[in-house]
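Residue numbers count from 1 along this sequence.
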Amino acid sequence: MPEIAVKSLDNRAVGKVDLPEEVFSYPYKEHLIHLAVVALRAAQRAGTHKVKGRHEVRGSGVKPYRQKGTGRSRAGSRRSPLRRGGGVVHGPHPRSHRNKLSRNEKRNALKSALSRKLLEERIMVIDSLELESHKTGAFAARLQDLGVDGKALIVDDHGNRNLMLASRNHPQVKAVDALGVNVYDVVDRGYVLFSESAIGRLSAVLQRRGQRNGSESCPSGSEE
């Protein structure tokens, strides 16, 4: 069973925590992670792109000039795609870009990404992420003390108001609830910081199989 040190915000070791092998020793599956990331980003697309076809553009359907004798090419409508201001052929129309992944594929992709981060020693567990202030500068100094440089994902609870306020104005930090962790954020960020309670909540959810009902059936960010 994997084991990881638990630190305080001032980078002092305060203990250790055992991580479930089913989650944090899951084999690395690059193709599965790729599919999950593509599906997540596709689901975020609005899909509102639209052009007008020849039946939608403005213009008369009357033949613009006679068929023969003008010296010009034949034309049957001013709305033809061949003419300026005419309709567009085979253009984009509103649609959903969602790719369907099964619940187990999403769950396993997240486990694979987290296992790889742990293997790279890019996961930290903090005993508590309760901050004294909501100031972004003070929080950034704490991250420097922990040795976190570059982009980081902070995982705790939405009820931690100071953490959410301090992190939202930091250009390289994203704070999410334990049930809001998704594969893209894990792969995109250099470090993942968990509070001790958050890593327990996420691990418990990822170990569940076949559960369809309940508010903690699957991390929300990995559902799309």
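The hydrophobic cluster containing Ile199 does not contain Met124, counting ILVMFWY residues as joined when their side-chain heavy atoms lie under 4.5 angstrom apart, directly or transitively. When hydrophobic clusters are built by joining Ile, Leu, Val, Met, Phe, Trp and Tyr residues whose side-chain heavy atoms come closer than 4.5 Å, directly or via intermediates, Tyr26 is not grouped with Tyr184. Under the 4.5 Å side-chain heavy-atom criterion for Ile, Leu, Val, Met, Phe, Trp and Tyr, Val6 and Leu202 are members of the same hydrophobic cluster. When hydrophobic clusters are built by joining Ile, Leu, Val, Met, Phe, Trp and Tyr residues whose side-chain heavy atoms come closer than 4.5 Å, directly or via intermediates, Val192 is grouped together with Leu19. In the hydrophobic clustering of ILVMFWY residues, with side-chain heavy atoms under 4.5 Å counting as a link, Ile4 and Leu119 come out apart.
Of the candidates Val155, Leu143, Val125, Leu153, Leu193 forms a side-chain contact (heavy atoms from CB on, under 4.5 Å) with just one, namely Leu143.
Using a 4.5 Å heavy-atom threshold, the side chains of Ser195 and Ile126 count as separate. Between Val23 and Gln207, the closest side-chain pair of non-hydrogen atoms falls below 4.5 Å. Put simply, the side chain of Thr136 does not reach to within 4.5 Å of the side chain of Ser167, judged on heavy atoms. Between Leu146 and Asp10 there is no side-chain heavy-atom pair separated by less than 4.5 Å. The shortest distance between side-chain heavy atoms of His134 and Arg161 does not fall below 4.5 Å. Asn162 has its side chain out of reach of Glu132: every pair of non-hydrogen atoms, C-beta onward, lies at least 4.5 Å apart. Between Arg54 and Ser80, some side-chain heavy-atom pair lies under the 4.5 Å cut-off.
Across Leu101 and Ala36, no two heavy atoms sit closer than the pair CD1-CA, 3.5 Å. Taking all atoms of both residues into account, the shortest heavy-atom contact from Ala75 to Lys63 is O-NZ, 2.8 Å. A pairwise comparison of heavy atoms in Ala113 and Val183 identifies CB-CG1, 4.4 Å as the closest pair. When every heavy atom of Arg107 is checked against every heavy atom of Val205, the shortest pair comes out as NH1-O, 2.8 Å. Of all the heavy atoms in Phe139 and Ala166, the pair that sits closest is CB-CB, 3.8 Å. Heavy-atom minimum distance, Arg79 versus Val57: CD-O, 3.4 Å.
Summarising the geometry, atom CG belonging to Leu9 is positioned 7.0 Å from atom OG belonging to Ser128; distances are rounded to the nearest 0.5 Å. In this structure, CD1 on Ile123 lies 5.0 Å from CG on Leu118, to the nearest 0.5 angstrom. Atom OG of Ser77 and atom NE2 of His55 lie 12.5 Å apart (nearest 0.5 Å). The distance from the NE2 atom of His93 to the NZ atom of Lys52 is 12.0 Å, given to the nearest 0.5 Å. Here CG of Asp149 is found 9.0 Å from CD of Gln144. Values are rounded to the nearest 0.5 Å. Atom CZ of Arg189 and atom NZ of Lys117 lie 10.5 Å apart (nearest 0.5 Å).
Remark: the backbone N or O of Val181 is not paired with any side-chain donor or acceptor of Asp185 at under 3.5 angstrom. Between the Arg66 side chain and the Lys68 main chain, a donor and an acceptor come within less than 3.5 Å of each other. Asn11 places a side-chain N or O within donor-acceptor distance of the main-chain N or O of Asp145, the cut-off being under 3.5 Å. Checked by atom type and distance alone, the side chain of Asp156 never pairs as donor or acceptor with a backbone atom of Ala175 at under 3.5 Å. Judged by distance alone, the side chain of Ser112 and the main-chain N or O of Lys29 form a donor-acceptor pair under 3.5 Å.
Look at Glu56 and Lys50 and you find a salt bridge, because one of the NZ, NE, NH1 or NH2 atoms lies within 4.0 Å of a carboxylate O, short of that distance. Note on Lys151 versus Asp188: salt bridge recorded, some NZ/NE/NH1/NH2 to OD/OE distance being below 4.0 Å. Using a 4.0 Å cut-off between a side-chain N of Lys or Arg and a carboxylate O of Asp or Glu, Arg201 and Asp157 qualify as a salt bridge.
Around atom CD of Glu121, no more than 12 heavy atoms belonging to other residues, nucleotides or ligands sit under 6.0 Å away. The local environment of CD in Glu3 is crowded, with over 12 non-hydrogen atoms from other residues, nucleotides or ligands closer than 6.0 Å. Within 6.0 Å of CD on Glu120 lie more than 12 heavy atoms contributed by other residues, nucleotides or ligands.
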Any chance you could lay out the side-chain contact (heavy atoms from CB on, under 4.5 Å) test for Ile33 and Tyr28, step after step, and finish with the verdict? CA-CA 9 Å; Ile33 292 175; Tyr28 180 60; 3.6 Å; yes
List the steps and the verdict of side chain to side chain donor-acceptor pair (under 3.5 Å) for Arg95 and His97. CA-CA 6 Å; Arg95 69 181 181 91; His97 291 273; 3.3 Å; yes
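Looking at Asn104 and Asn108, their side chains never bring a donor and an acceptor atom within 3.5 Å of each other.
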